[in-house]
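Keep in mind that the numbers below use all heavy atoms, side chains included, and drop hydrogens, waters and symmetry copies. Atoms within each ligand, like the ligands themselves, are counted from 1 in listed order. Starting from 1, each residue takes its place in the sequence as its number. Note that the structure is predicted; figures quoted are calculated from it, not measured.
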Amino acid sequence: MPESSDTQTHHDQHGRYPEATTVEDFQRNLAAVQARIDTACRRSNRDPAAVRLLPVSKTKPEASLRLAYAAGCRVLGENKVQEAFRKWEAMQDLDDLHWSVIGHLQTNKAKLVARFASEFQALDSLRLAEALDRRLQIEGRSLDVFVQVNTSGEPSKYGLAPEDVPAFVQALPAFTALRVRGLMTLALFSSEAERVRQCFVLLRTLRDQLRQSAPANIGLDELSMGMSGDFEIAIEEGATVVRVGQAIFGARPMPDSHYWPGEPSTVVSQP
Ligand SMILES: *Cc1c(COP(=O)(O)O)cnc(C)c1O
């Protein structure tokens, strides 16, 4: 057995990360997360440069985002488009700050994403692809997108069922303003590391299969998977983007069930 199979989740730390309130806090937290990334890469013989850290600022106030920017963050992830749009509008003075929308999007809000986001990680329907493409054409913009896949099989999670992804990807070249980069998933939210790992393995396997048949202009290099509680496991299974909020910004005031409704809270063992 490779030693990486012993890697545990950190889901028991959810809600325990202290709030970052100074630039130094952010610098320290970013360095600590990067050190965890480096260690996971070493363990799995990967180059740390092949893993992008996406700091996730959802629910945090503008002042925190500005501190993160001062500490060096140039892309921030947000899961609700209206909140992201508000923050983008308020922070126009930081013109090299880019926005990644990582949460489910209703088709009628595609217009907002098309205006300001540089990346969208939760593409999960052709209707949405069509709406985004149409609005992007109007704006004269393009958008990096990830196809969200439901790898845990939980009905509460968004994303396409794995078996629906191949046909979906075949249809994407029609939307010329969308630059398809890869796949994204949220793993099972569990302290059972092996079950979490299986979600990441599924995403990587799917990506590898798709690469054999994908249309030429569809990029499938990226795997966005892993968050504060499980990103080391995701890296061991091939993540190229990890989306990390609490370990950088501090705990969110609400339990995770607030952001992913229907999530059973009992799967997380509290010591
Ligand atoms: C909030 C969020 C994350 C980050 O979760 P943390 O526990 O704060 O690291 C990652 N991905 C998505 C889709 C999210 O909504």
Side-chain angles (χ1 to χ4, degrees), residues 8-20 25-26 29-30 32-34 36-37 40 51-61 64-65 68 73 75-84 87 99-106 109 113 117 119-124 128 144-152 154 156-160 181-191 196 199-200 203 222-235 239-263 265 267-268 270:
Q8 296 302 305
T9 68
H10 297 262
H11 285 309
D12 56 344
Q13 288 176 25
H14 269 253
R16 297 179 184 201
Y17 295 103
E19 186 76 21
D25 287 346
F26 277 96
N29 292 350
L30 286 162
V33 169
Q34 191 59 53
R36 285 170 59 188
I37 291 173
V51 180
R52 168 162 65 105
L53 170 59
L54 173 62
V56 175
S57 50
K58 69 177 186 225
T59 77
K60 299 297 176 182
S64 292
L65 276 61
C73 298
V75 186
L76 294 175
E78 289 278 339
N79 78 328
K80 292 206 168 74
V81 67
Q82 271 150 326
E83 176 180 343
K87 288 173 172 173
W99 300 86
S100 177
V101 174
I102 61 176
H104 178 72
L105 183 67
Q106 290 172 286
K109 300 203 181 97
V113 166
E119 182 176 271
F120 174 59
Q121 294 204 358
L123 186 63
D124 60 0
L128 179 58
D144 287 345
V145 297
F146 290 62
V147 176
Q148 184 173 355
V149 183
N150 182 341
T151 54
S152 68
E154 297 163 291
S156 62
K157 292 255 168 70
Y158 289 108
L160 293 166
R181 296 303 193 201
L183 307 178
M184 176 272 218
T185 201
L186 274 162
L188 186 72
F189 191 72
S190 170
S191 55
V196 172
C199 296
F200 300 140
L203 197 72
E222 306 283 345
L223 289 176
S224 175
M225 53 190 200
M227 42 198 255
S228 294
D230 58 18
F231 70 76
E232 284 103 332
I233 298 174
I235 288 170
T240 65
V241 181
V242 293
R243 310 176 306 267
V244 180
Q246 301 185 79
I248 296 171
F249 283 83
R252 286 181 292 272
M254 307 287 261
D256 285 282
S257 56
H258 177 75
Y259 308 103
W260 298 289
E263 207 65 65
S265 53
V267 295
V268 178
Q270 296 289 342

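- At a 4.0 Å cut-off, not a single heavy atom of Gln121 sits close enough to ligand 1 to count as contact.
- Under the 4.0 Å criterion applied to side-chain N and carboxylate O atoms, Arg243 and Glu119 are not assigned as salt-bridge partners.
- Under the side-chain hydrogen bond (donor to acceptor under 3.5 Å, both in side chains) criterion, Thr185 pairs with Thr151, sequence neighbours left out.
- With distances taken over non-hydrogen atoms, the option nearest atom 12 (C) of ligand 1 out of Val101, Ile102, Thr59 is Ile102.
- The side chain of Lys58, and not its backbone, has at least one atom closer than 4.0 Å to an atom of ligand 1 (non-hydrogen atoms only; side chain from C-beta on).
- Using a 4.5 Å cut-off on side-chain heavy atoms (C-beta onward), Gln121 and Val241 make contact.
- Here Lys87 pairs with Glu78, Glu83 under the salt bridge (charged side-chain N to carboxylate O under 4.0 Å, His left out) rule; sequence neighbours left out.
- Looking at ligand 1, you won't find any N or O of Val244 less than 3.5 Å from one of its N or O atoms.
- Atom numbering of ligand 1 starts at 1 in the shown order; those under 4.0 Å from a heavy atom of Asn79 are 15 (O).
- Lys157 places a side-chain N or O within 3.5 Å of a backbone atom of Ala187 that can act as its donor or acceptor partner.
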